[in-house]
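Chain A is the first sequence line, chain B the second, and so forth, proteins listed ahead of strands; every chain is numbered from 1.
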Amino acid sequence: MSSQSYSKSELMICVAARLFQDGTTAFIGTGIPMLAAMLAMKTHAPNLVPVFEFGGTGAILEKLPRAVGEARTFHKAIIASGICDTMETAQRGFIDYGFLGGAQIDCYGNLNSTTIGDHDHPKARLPGSGGGNDVGSLCWRTVAIMQHDKRRFVPNVDFITTPGYLSGVGARERAGLPRGSGPVNVVSTLALMDYDSASFRMRLVATHPGVTVDDVIANTGFELIIPDRVGTNEPPSAAELRLLREEIDPERLYI
Amino acid sequence: MSSQSYSKSELMICVAARLFQDGTTAFIGTGIPMLAAMLAMKTHAPNLVPVFEFGGTGAILEKLPRAVGEARTFHKAIIASGICDTMETAQRGFIDYGFLGGAQIDCYGNLNSTTIGDHDHPKARLPGSGGGNDVGSLCWRTVAIMQHDKRRFVPNVDFITTPGYLSGVGARERAGLPRGSGPVNVVSTLALMDYDSASFRMRLVATHPGVTVDDVIANTGFELIIPDRVGTNEPPSAAELRLLREEIDPERLYI
Amino acid sequence: MEILAQGKGELIQPPDLEAFREWNRTQKSRKLIDKLMTEQEAVSRFVYDGCYIGTELYGTVRCPMSLTREVIRQHKKDLRVCGQGVAELDLWLAAGLVKKLDITYIGLEVYGTSYALRRAVESGQVETCVEWSNGAISWRMKAAAMGVPFIPVRSMLGSDTFNYSAAKVVNDPFTGLPVCLLPALILDVGLIHVHRADRFGNAQIEGITGFAFEMARASKRLIISAEEIVPTEEIRKYPDRTIIPYYLVDAVVHAPFGSHPGEMAYLYERDDAVYREWIEASKTPAGAQAYLDKYVYGVKNHHEYLELIGAERLKQLVEQRERRET
Amino acid sequence: MEILAQGKGELIQPPDLEAFREWNRTQKSRKLIDKLMTEQEAVSRFVYDGCYIGTELYGTVRCPMSLTREVIRQHKKDLRVCGQGVAELDLWLAAGLVKKLDITYIGLEVYGTSYALRRAVESGQVETCVEWSNGAISWRMKAAAMGVPFIPVRSMLGSDTFNYSAAKVVNDPFTGLPVCLLPALILDVGLIHVHRADRFGNAQIEGITGFAFEMARASKRLIISAEEIVPTEEIRKYPDRTIIPYYLVDAVVHAPFGSHPGEMAYLYERDDAVYREWIEASKTPAGAQAYLDKYVYGVKNHHEYLELIGAERLKQLVEQRERRET
């Protein structure tokens, strides 16, 4: 615990970082996941193996990568290959975690980063899947990082760019997606969520400091499962903040 | 022309070497094809590109390779990759020639290097396809190097290890093999053969010096097409013999 | 092995393997021919209106930017484009050259959604967006590189990305598992920027290789731009470093800082000032046009472009680079 | 996409992709663990009776011969084996360890047909020979390495090699072309010999790579033998040279001259005297047994084997090697 002030993104980075287990592999995208991975490696998960989509695996992240595929993503790596090799490594079941983002998410963790409105005549054309669909299909466990409001937490996403649990229990397997894979957490600007093991629907785990359960419900466009006990996420510790500000992102590119 | 004496294999190597066109790519296996390719490169086909199954392409063959995949097969090569890359290069239509051998050949150029007798209870178990089936399937033009006798030139091969024209005109395409590919020549211990463009059946082109058309017919187990004009293969020239004996195979591993 | 489902997206570039084989047989010389030429010549000879074209890169890294700008300078139009694009497809979209897209990701990474993409698609200027994942588009090129009509994958399944793609789902006849079949993608033109190449087109890359191996083998016409042109002896000394053999290549362009404003592993850093300048400018059509006038139309070639950026700036980018050691 | 034809051969090792994923999730550590051990320990821990095993090599080049001999020394039996084999499968066949074969080529190259293969198959000691081409067996491993159930190819079609394989023919749903589908080959055990590896298993190869990339990724258990054990820093300095990342590897064995009597690119030449000695010996069961007694059973390990060959002889093989330069 610390009484220091911190930014929303610093808190999200810390909450995300704490989700990594040591000695696992994780697909790392640009932004918060990169900072979270570096923070985890400098704290409880020194043996985390970062995998970057376009070919870098096992890099030693001395400096924060600023772009996917840049030299820091394979700095002193154990292998620098290409996108087919990393995606096939995930397809073979070697990638434990993947991080995802999007403009919309539904209660089953399906994500939209393609279009708002009708696909062929969109209100807004978003970037598209990128590696998202592959990560959401092939990694064992995925974590979504989201802004938390009703426009983003919606009953039905306009477009399923990246599969979560699709229509619910058994739907991924029926579609042919790898058995036992799927979303496990959502780190939002308001709270930490997971998924109910019986219904595969999103469930509140813990709110951020100063956020009430009602705040979360009010900003969620679908019925979020609220368990009897809802925790509060630890704010960034002094040590976490020091690492983030002095070692990981001294230029304050993201925090 | 030369009056020098020469061995059967020296003659076969020369006849095979003369088939290469300059500026083409060719899959080269161990033995006679390697010597033929080196001879061609030192005479009329300096821009022949040797491709070795397990990954060497465009090597400068200063010394005769003694085994498939050994360092001489990618000595000063333009790329040293792996078998999938070379086979896929052939599958994409980049390999012009391939050389093949076998224990049996039929009038359509189908080759057997798998079993004599029934496959499951063979009289003789031979090595198997190796790269032969791939070369015979994927290269544009294949040349077979054969001992010429009735046990080897048979009406029906016991086992089609490597496809020639299969059952005749159109059969390769019907099977799904690449359009326009197939056998073009056979270099035997007695003669040079090609294939009749109408029937895709084997046809005599030219006999070796001292060999009569009747010798060839008597040693062929199927009806060989005999055109009105049958040529005689030029014996090895003094230059060809000098190259073979002094530059290509001075240790006389093959000749 | 019946078709269980298929995407409703247009197969923008249907694969024809026999035609590809015939092309590779008749149009790609096996001889070592000097293919070194200017970007003007390379683009005018091998890029044409309506062609299906792709650029190989990741994010802003190792982009063939000098070729990308030359394509705009020569007003090539009605391009059918695949990919994954940050800086380079953004410029083509802003310049109005793109008619159809096999899209995986076009955006500005941490800087968010692409303004040029939004304008081009929401206005209907881009007629079609067929959806794929980054893995899928790379695997489609891999299928073409293998010379086969399709490749099965376990990605894309169950999503709208699949529904708006041109992929199909079948039951695997060996395990019964539903698998997604991706059609081979044979490009009319591929643009790849590398660390070094010889004048015949033998090319080598330092660090990760993205999908250069696959795209080079999937392209009917291939333009290589290289930071450095090396003697063939250098290539032949380390043939195990060659990613692209010469016979795949139609043109070799010497392009130092060819990825600018993007970066090149071990050679130079990204030029964030110029990159951010584009991001700001691209927010409005007028701004984007002004940027194109300044950095593309306003210079005759890559040499003049580098003069515009300035030797001092380029020197800084080199100094800021990541090194193999340290 | 109906099945037009299928080979009558047994699918000796049916692929189970979900089980493979689960294996890779639970049995393959992501941590950097010291896996350096003797060939005795590696073979006794990871090779077992009845396992489906493969060796990576081409001809007599870069064969994992020290591991091959250790498998015989430990009397592993009922092996189900794939490949492409010259020296190493010949020894296993002569030693009577092989029960089933996914065969592509087993022979003595220019020295002709394998006597050991003839005896083992014609006597019925080898129960099954399922036929494939060299390309096909490599592509089957490639499919497993990709994590997909099969791979389509244009080889094998129309032949008895197909008829006695376990492949299938379907019409490609995109082009209508008949294509051959090869089932993924997931090996229980893979044996690969490399130029250098670190103690965690990160491995690099000089020159051509054969099918090492594919087999390493297709194997549930992977034993690497290496001419040289290098510090991890060496690997991390050139990650673009790594073919096999550590997390695929279960055991690392230091085996100088590990390919003897075969050759190793840039390091040492083939020992034709010993190779020819085998070819002569293998003509009769008694001769083969005598060779095995001398070179396999008669020595406790690879170290003793090298003493038997003699330092002088090995020095000559090093001197005779091909070099990158000259």
Quiz prompt | Approximate separation, where rounding is to 0.5 Å, of A:Asn47 CG and D:Ile33 CD1 | solution = 9.5 Å

Quiz item: Looking at A:Ala77 and D:Pro239, what are the two nearest heavy atoms and their distance?
Solution: O-CB, 3.3 Å

Quiz item: When you measure from the side chain of A:Arg179 to the backbone N and O of D:Glu22, does any donor-acceptor pair fall under 3.5 Å?
Solution: no

Quiz prompt | Any donor-acceptor N/O pair, D:Arg21 side chain to A:Gln91 backbone, under 3.5 Å | solution = yes

Quiz item: Can you check side chain to side chain contact (heavy atoms under 4.5 Å, CB included) on A:Val49 and D:Tyr247, steps first, answer last?
Solution: CA-CA 10 Å; A:Val49 181; D:Tyr247 55 78; 5.8 Å; no

Exercise. Keeping the roles fixed (side chain from D:Arg30, backbone from A:Thr24), state whether a donor-acceptor pair exists under 3.5 Å.
Key: no

Practice problem: Evaluate the side chain to side chain contact (heavy atoms under 4.5 Å, CB included) criterion for residues D:Asp240 and A:Phe74: first the C-alpha distance (whole Å), next the side-chain angles of each, then the deciding distance (0.1 Å), finally the verdict. | Solution: CA-CA 9 Å; D:Asp240 37 13; A:Phe74 50 90; over 6 Å; no

Exercise. Considering only heavy atoms and a distance below 4.5 Å, find which of D:Tyr246, D:Phe200, D:Trp23, D:Tyr238 pairs most often with chain A.
Key: D:Tyr246

Exercise. To the nearest 0.5 Å, tell me how far D:Met146 CE sits from A:Asp85 CG.
Key: 11.0 Å

Quiz item: Would A:Arg92 and D:Arg217 satisfy side chain to side chain contact (heavy atoms under 4.5 Å, CB included), going step by step from the backbone distance to the final call?
Solution: CA-CA 9 Å; A:Arg92 289 200 314 279; D:Arg217 286 156 178 75; 3.6 Å; yes

Practice problem: Working to the nearest 0.5 Å, report the span between CD1 of A:Ile79 and CG of D:Asn202. | Solution: 8.5 Å

Practice problem: Could you check which of A:Asp22, A:Leu138, A:Ile95, A:Thr57 has the highest count of heavy-atom pairs closer than 4.5 Å to chain D? | Solution: A:Leu138

Self-check item: Top contributor to chain A contacts, counting heavy-atom pairs under 4.5 Å, from D:Lys28, D:Lys237, D:Arg25, D:Arg241
Solution: D:Arg25

Exercise. Over all heavy atoms of both residues, which pair between A:Ile78 and D:Ile235 is shortest? Give the atoms and the distance, please.
Key: O-CG2, 3.9 Å

Quiz item: Just wondering, are more than 12 heavy atoms of other shown residues or ligands nearer than 6.0 Å to CD in D:Gln27?
Solution: yes

